[in-house]
Number of protein chains: 2
Amino acid sequence: MDHAHDPQRLVALVERILDPDDAELLAERFKLLADPGRVRMVSALVEAGELCVCDLAEVVGSSESATSHQLRQMRLAGLVRARKQGRSVYYRVADSHIRLLLDVAVEHYLHGDPR
Amino acid sequence: MDHAHDPQRLVALVERILDPDDAELLAERFKLLADPGRVRMVSALVEAGELCVCDLAEVVGSSESATSHQLRQMRLAGLVRARKQGRSVYYRVADSHIRLLLDVAVEHYLHGDPR
DNA sequence: TGAACATCTGAGGTGATGTTCATGTATATC
DNA sequence: GATATACATGAACATCACCTCAGATGTTCA
């Protein structure tokens with residue numbers, strides 16, 4: 001017996017999975033955490049609460065320009081917020097979603113629990 | 001008054017954030033979900049439990065070759081597992097981590113709760 | 001055995017991504 | 001006002017990621 005290829009089942013399945021727009025949106029969010037530098041930045045911001053660009057750059061070990069570029073991305077995506085004070089700009093994570101997502105990922109991928 | 005630039009604070013902070021290796025590993029994981037096509041594939045596999053390549057390709061609306069390439073990526077990363085039966089290969093999600101991560105993301109980014 | 005099918009794989013093109021470098025702007029200090 | 005600092009921005013460049021296409025492998029069936 002061959003496999004099903006049941007058209008009805010497939011049509012019904014399409015109805016239940018993420019539609020293209022939602023998938024695009026989710027992928028955009030995951031993309032922001034799909035870079036080691038940005039993950040460390042978010043980690044640092046979560047730990048410190050708030051950091052200016054040059055301090056953040058030093059903590060993650062990247063140039064200020066590269067850091068600024070990354071922060072711009074995350075700021076435009078609404079992932080971090082900026083507060084200007086004097087000539088410094090302090091960044092913080094904007095919402096708790098990223099915090100939670102990072103926590104879940106760390107918990108499950110780094111701290112054992114292989115299933 | 002200028003901002004702190006407190007070296008001790010920064011050194012202490014570096015100790016507490018994700019180290020480069022862990023950040024790399026996490027980023028790799030997030031990268032797998034950072035593509036609309038893969039997100040839909042995972043969504044379909046979670047919903048259906050198991051799907052062969054051609055059905056999966058049809059459900060997500062992608063070519064079989066592209067789908068196979070994506071599956072290979074996810075398979076090598078240990079995200080999905082393959083079961084061969086006849087000339088078909090059935091894929092399923094390998095661990096519950098991705099399932100959880102996807103659920104959390106869907107819950108927080110798609111289903112309201114803007115904070 | 002031959003033909004159709006399901007899947008995999010490598011090569012190549014193209015667009016996205018991240019970095020550096022140079023420069024621009026705003027603020028603080030002298 | 002001149003200079004230094006903190007950050008932002010745009011261009012150039014290298015790299016990576018994803019797709020298509022062509023072809024190879026393994027399987028089923030007549």
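Numbers restart at 1 for each chain; the letters A, B, ... are given by sequence-line order, proteins then strands.
- Separating the CE atom of Met74(A) from the P atom of dC7(D) is a distance of 14 Å, rounded to the nearest angstrom.
- Of the two residues near DNA chain C, Gly37(A) and Arg72(B), the one whose nearest nucleotide lies more 5' is Arg72(B).
- Contacts of Ser63(A) with the nucleic acid, taken as non-hydrogen atoms under 4.0 Å apart, involve only primed sugar atoms and P, OP1 or OP2.
- Distances shown here put a side-chain N or O of Arg38(A) below 4.0 Å from the OP1 or OP2 atom of dG18(C).
- Counting distance only, with no hydrogens placed and no angle test, the side-chain atoms of Ser88(B) and the base atoms of dT7(C) include no donor-acceptor pair under 3.5 Å.
- Aromatic stacking of His69(B) on dC19(D): not satisfied for centres closer than 5.5 Å together with planes under 30 degrees.
- Nucleic acid contact for Gln70(A): sugar-phosphate only, since backbone atoms but no base atoms lie under 4.0 Å from a heavy atom of the residue.
- Atom CG in Leu76(B) sits about 11 Å away from atom P in dC8(C), given to the nearest Å.
- Rounded to an integer number of Å, the gap from CG of Leu71(B) to P of dC18(D) is 13 Å.
- Arg92(B) CZ to Leu45(B) CG: the interatomic distance, rounded to the nearest 0.5 Å, is 10.5 Å.
- You'll find the side chain of Asp22(A) stays beyond 4.5 Å of the side chain of Val106(B), heavy atoms only.
- Residue Gln73(B) places no side-chain N or O under 4.0 Å from the OP1 or OP2 atom of dA17(D).
- Under the 4.5 Å side-chain criterion, counting only non-hydrogen atoms from C-beta, Leu79(A) is in contact with Leu32(A).
- On a pure distance criterion of 3.5 Å, no polar donor-acceptor pair joins the side chain of Ser65(B) and the base of dC8(C).
- Summarising the local packing, CD of Gln70(A) is surrounded by more than 12 heavy atoms from other residues, nucleotides or ligands at distances under 6.0 Å.
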